[in-house]
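First the proteins, then the strands, lettered A, B, ... as listed; each starts at 1. Everything quoted here is computed from the prediction, not taken from an experiment.
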Amino acid sequence: MELAPRILEGDRRALARLISLIEDDGPPAREAMAALHPHTGRAHVIGVTGAPGTGKSTLVNELAKGFRRRGATVGIVAVDPTSPFTGGALLGDRVRMRDLAGDPGIFIRSMATRGSLGGLARATGDVVRVLDAAGFAVVLVETVGVGQAEVDIARTAHTTIVVEAPGLGDDVQALKAGLMEIADILVVNKADRPGAAQTARALEVALELGRNNAGPGKDAAWRPPVLKTIALDGSGVAEVLEAIAAHRAYLESSGLWAHRERARARDDLLRALEQELLGRLLAGVGEAAIEDWVDRIARREVDVYTAVQALIENR
Amino acid sequence: MGERLRVLIAKPGLDGHDRGAKVVARALRDAGMEVIYTGLRQTPEMIVEAALQEDVDAVGLSILSGAHMTLVPRVIQGLREAGLDHVKVFVGGIIPDEDVYALKEAGVEAIFGPGTSTLTIVEAVRRACSEG
């Protein structure tokens, strides 16, 4: 039997298999995605991002338990980096999610970035959609431990949580572009450590400054709350769950939910188009011709843009 | 099978020494595999569930507690019941010679005692998984 109908019936093995096929990217994955597409669009997709060691996995574990207590099923996608040298990856986020084992209302999948930058794997968006189609009410996406510019998660999630911890940088870090700007909710985890209050205050100040210069398209009516948690013992997690629910209500009442869905559809379309067109062009031109152009560019006989024009026009 | 091998490394039972498991996980990673590391004190049920969700090609069990004759067959049986017959099972740790035969009979692909080189382990995992 094909994978898509089995997934819709709740077959977890079929779900796991399709995720692998999506990661390897082939025609069977695309057929299944086409069949599942009408069943997507129901899950609340929540991204959890932040620097390495801030406690993302532990927080995801606690959030998942909280959602389960409220009766919602939870899919989790945990992304860890692929080694640029060997292509291998050590995916260790399950270590912090032991509590979730044995619960049929939870499905956890670890993903390697496989060379993708931006904090997610190329296939993460499709994997989220498969979990959505499989009926999980909430999909939690944990990014790799990121620095400042890995903001892909904001395009994938409805609600983005940025996790900070005390002692990671002064208040100038909080003023830089990037992570701060994609946060719908800010969490200062490890709040029992010294410096937590200062970290929270620095974030509040940075938010206040950003609010005054809010550019176009910035949803100025939502002020990201700054919440303190100790994910290890669950302190403060109830407040994060409330903030997530409030953000969802805000997205729905303001029409931003539909707006974000549409923005994501556009993003998906353009990316898929780019990939497909590039693939076709390369297949048409052939590797030898590409290498020939590369040589000519390296010898300074021709520049990149002229080469591109020639490749597109003479294919 | 996927293009990239996925391997689950788990420590069933109650002993708390995971250095060997981590060394093996790192070696498999460096050989280009995607290694899902689950950490300490996993029950056979947890290991089977993780193997299913992660769609792995192989499971490596590290056991130093002496409980291998109970734990390993339960993992293998669980994998079969979940329809994961194709998943290869490897065991690392201190396994007395007289148990090696019984474990292999139960379906273990290979057993790695103390002092096994990581290269041997990488090669064994690769070979077993390419046989399909």
Would you mind checking which part of [X] comes under 4.5 Å of any heavy atom in chain B, side chain (CB onward), backbone (N, CA, C, O), both or neither?
X      : answer
A/R98  : both
A/I106 : backbone
A/D25  : neither

What part of [X] gets closer than 4.5 Å to chain A, counting heavy atoms only: side chain, backbone, both or neither?
X     : answer
B/L40 : backbone
B/A50 : both
B/R6  : side chain
B/E54 : both

If you measure only the distance, is there a donor-acceptor pair under 3.5 Å linking the side chains of B/D55 and A/S20?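 Looking only at side-chain atoms, A/S20 and B/D55 do form a donor-acceptor pair, the distance falling under 3.5 Å.
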
Euclidean distance, [Y] [atom2] relative to [X] [atom1], rounded to 0.5 Å:
X     : Y      : atom1 : atom2 : value
A/T86 : B/R29  : OG1   : CZ    : 5.0 Å
B/Y37 : A/L90  : OH    : CG    : 8.5 Å
B/T38 : A/I108 : OG1   : CD1   : 11.0 Å

Can you establish whether the number of heavy atoms outside [X] located under 6.0 Å from its atom [atom1] is more than 12?
X      : atom1 : value
A/R96  : CZ    : no
A/L241 : CG    : yes
B/E98  : CD    : yes
B/D97  : CG    : no
B/L14  : CG    : no

Within the 4.5 Å heavy-atom criterion, are A/R12 and B/L52 side-chain neighbours or not?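 Yes; the side chains approach each other to less than 4.5 Å.
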
Just so I know, are the side chains of A/R114 and B/E34 near enough to count as touching, which here means a heavy-atom distance under 4.5 Å? yes

Keeping [X] on the side-chain end and [Y] on the backbone end, is there a donor-acceptor pair under 3.5 Å?
X      : Y      : answer
B/E49  : A/A101 : no
A/R109 : B/Q53  : yes
B/R4   : A/G87  : yes

All heavy atoms of B/G39 vs all of A/V95, minimum pair found to be N-CG2, 3.8 Å

